[in-house]
Amino acid sequence: TTPGAGIGLKRLGRAKIQQISAGTLQLFYSPNSGDAAAAPGDSGGALLLSSGTLAGITSVGAPESNGAIVNQYVDLTSSESASFFREAAAAGWILPVLGEP
């Protein structure tokens, strides 16, 4: 709950992808369900499938009126993401690579 308190910690949680649309994955978390939800500071973190495959990047989470939480992830397997990376490469953008500044 303290900003920055979890930096460098890896956490494991389980949830189901409920909706896939326009380059985003939505995961819904109900209170007392045992599902995991992203927390402040998780943005940019990996969303891995049970196989260990990278499926998305944590983007935003917001509570709903019924106490459920909706988390949105950038769907790295989507055609929208593929298009973005193709356009970035064609434009000569320099994208950071893990381990490089």
Side-chain angles (χ1 to χ4, degrees):
T1 59
T2 303
I7 291 175
L9 295 178
K10 294 180 181 176
R11 292 182 282 276
L12 173 67
R14 297 199 183 276
K16 293 181 183 176
I17 297 172
Q18 300 292 325
Q19 186 173 340
I20 300 173
S21 63
T24 63
L25 303 170
Q26 290 185 352
L27 285 71
F28 297 86
Y29 306 93
S30 299
N32 304 315
S33 69
D35 288 342
D42 287 346
S43 296
L47 171 66
L48 302 174
L49 300 177
S50 57
S51 65
T53 302
L54 178 63
I57 301 296
T58 309
S59 181
V60 66
E64 293 190 326
S65 59
N66 61 2
I69 298 173
V70 177
N71 285 149
Q72 302 231 8
Y73 297 80
V74 175
D75 180 359
L76 294 178
T77 66
S78 71
S79 60
E80 290 86 359
S81 290
S83 177
F84 167 78
F85 288 115
R86 275 193 303 276
E87 289 177 26
W93 292 7
I94 299 173
L95 300 173
V97 176
L98 185 62
E100 292 184 10

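Note that these values count all heavy atoms, side chains included, but never hydrogens, waters or copies made by symmetry.
Hydrophobic clustering of Ile, Leu, Val, Met, Phe, Trp and Tyr side chains at less than 4.5 Å, counting indirect connections, keeps I20 apart from F28.
With values rounded to the nearest 0.5 angstrom, R86 atom CZ is found 8.0 Å from S79 atom OG. Between atom OG of residue S59 and atom CG of residue L47 there is a gap of 11.5 Å, rounded to the nearest 0.5 Å.
Listed by chain and residue number, D42, T58, N71, Y73 satisfy the side-chain contact (heavy atoms from CB on, under 4.5 Å) test with A38 (two or more places apart in sequence, or in another chain).
With S78 as the partner, the side chain to side chain contact (heavy atoms under 4.5 Å, CB included) test is satisfied by one option alone out of D75, V74, L76: D75. When V70, I69, I17 are each tested for a side chain to side chain contact (heavy atoms under 4.5 Å, CB included) with L27, only one passes: I17.
Using a 4.5 Å heavy-atom threshold, the side chains of L48 and L54 count as touching.
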